[in-house]
Engineer: 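One structure follows; several queries about it will come next.
For the single chain, residues carry numbers from 1 onward in sequence order.
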Amino acid sequence: LTDKFPQHPLAEFLYAVSLYRAQRLTEAQASFKRVEEMIYLASSAQAIKDGSGLLTQNELDQLALVNKNYWALTLASLGETSSALAYYQELSQAQPDNISVCHNLSILYGKIGRYQEALEYAQKARTLVHNIVQDQAQLRAAYEPIYYNLAYVYSLVDDKAQAAQAYNEWRSFFASEPPKVGQFNQ
């Protein structure tokens, strides 16, 4: 796709995601940056031809948010916590009720020792996901790290009672080994 449509942000984005999933993180980071630049240029041109139609400004805006999320995941995976945090803070402004953004903000705040902010976002992620987990058992595995993270963050702020309660809630929904602490969601 990138050969056929070298200036198309969606083609470049798909390439960047494939690099990210292949753990070629430095290359993915550069590719996500190119996507951002392409979106900026496309926004000023109002649309980009892709061979089958146009990307509207709304579609470009949505692609920009998804690209920023993957770019933040890449930065976090590369250990660039402060850069990833900046992107997630920006995403939080645009998507305040996005479960993965809240969860990932919680993890990043925890990594830099800002435990109150980590707790705030862990609680918000758990609140946003709770009805989904209760109503749709098949989706539980995707959201398990959110519950476990809440228990972990309560332990970071030294609230043993809330940590125990959150851990018990996690155990009541999930019967598996604990996920790695600091696991990011997409």
Engineer: If you round to the nearest 0.5 Å, how far is CG of D97 from OG of S92?
Structural biologist: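 Spacing of OG (S92) from CG (D97) equals 9.0 Å.
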Engineer: For side-chain contact (heavy atoms from CB on, under 4.5 Å), just list the numbers for D158 and K160, CA-CA rounded to whole Å, side-chain angles, deciding distance to a tenth of an Å, and then say yes or no.
Structural biologist: CA-CA 6 Å; D158 205 26; K160 291 178 174 51; 3.1 Å; yes
Engineer: Checking S31 side chain against A28 main chain: does a donor-acceptor pair fall under 3.5 Å?
Structural biologist: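 Checked: no pair found.
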Engineer: Taking all non-hydrogen atoms of both residues, which atom of V101 and which atom of N98 are closest, and how far apart?
Structural biologist: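 So the minimum-distance heavy-atom pair works out to N-OD1, 3.0 Å.
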Engineer: If you take all heavy atoms of L105 and L85, which pair is closest and at what distance?
Structural biologist: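 Answer, listing the atom of L105 first, then L85: CD2-CD1, 3.5 Å.
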Engineer: Rounded to the nearest 0.5 Å, how far does NZ of K33 lie from OG1 of T74?
Structural biologist: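 Taking OG1 in T74 and NZ in K33, the distance rounds to 14.0 Å.
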Engineer: Has S172 got a side-chain atom pairing as donor or acceptor with E169's backbone, closer than 3.5 angstrom?
Structural biologist: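 A pair under 3.5 Å: yes.
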Engineer: In Å and rounded to the nearest 0.5 Å, what is the SG to CD distance from C102 to Q123?
Structural biologist: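 Between C102 SG and Q123 CD, I get 11.5 Å after rounding to 0.5 Å.
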Engineer: Indicate the atoms forming the closest heavy-atom contact of I39 with P9, along with that distance.
Structural biologist: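 Scanning both residues completely, I find the closest heavy atoms to be CG1-CB, 3.8 Å.
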Engineer: Return the set of residues passing ring-ring contact (aromatic ring centres under 6.0 Å, His included) with Y154 (not counting sequence neighbours), or none when no residue passes.
Structural biologist: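 With neighbours one apart ignored, the set is empty.
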Engineer: Taking atom CG of L63 and atom CG of N58, what is their separation to the nearest 0.5 Å?
Structural biologist: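 Going from the CG atom of L63 to the CG atom of N58 covers 11.5 Å.
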Engineer: What closest approach, in Å, do A118 and V153 show between heavy atoms, and which atom pair accounts for it?
Structural biologist: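 Taking A118 first and V153 second, the nearest heavy atoms are C-CG1, 3.7 Å.
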Engineer: If you define the side chain from C-beta out and look only at heavy atoms, does anything of I132 sit under 4.5 Å from I99?
Structural biologist: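 Side chain of I132 against side chain of I99, heavy atoms only: contact under 4.5 Å found.
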Engineer: About how many Å separate CD of E36 and CD of E12, when rounded to the nearest 0.5 Å?
Structural biologist: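 Reported to 0.5 Å precision, the distance equals 12.5 Å.
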Engineer: Which atom pair, heavy atoms only, marks the closest approach of N149 to H103?
Structural biologist: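 So the two residues come closest at CB-CE1, 3.6 Å.
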Engineer: So F13 and F32, would you call those rings parallel, tilted or perpendicular, with 30° and 60° as cut-offs?
Structural biologist: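 It falls in the tilted class, 30° to 60°.
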Engineer: So do Y167 and L150 actually touch side chain to side chain, heavy atoms under 4.5 Å?
Structural biologist: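 No, their side chains stay 4.5 Å or more apart.
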Engineer: Do Q89 and Y109 have side-chain heavy atoms sitting under 4.5 Å apart?
Structural biologist: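 They are in side-chain contact.
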Engineer: Would you check if the side chain of K124 reaches a backbone N or O of P96 as a donor-acceptor pair within less than 3.5 Å?
Structural biologist: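 Answer holds: yes.
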Engineer: A side-chain contact here means heavy atoms from C-beta on lying under 4.5 Å apart; do Y40 and L60 qualify?
Structural biologist: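 No; the side chains remain at least 4.5 Å from each other.
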Engineer: To the closest 0.5 Å, what do you measure between CG (L41) and CZ (R34)?
Structural biologist: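 The distance works out to 13.5 Å.
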Engineer: Ignoring hydrogens, what is the shortest heavy-atom contact between L75 and Q29? Give both atom names and the distance.
Structural biologist: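 Taking L75 first and Q29 second, the nearest heavy atoms are CD2-NE2, 3.3 Å.
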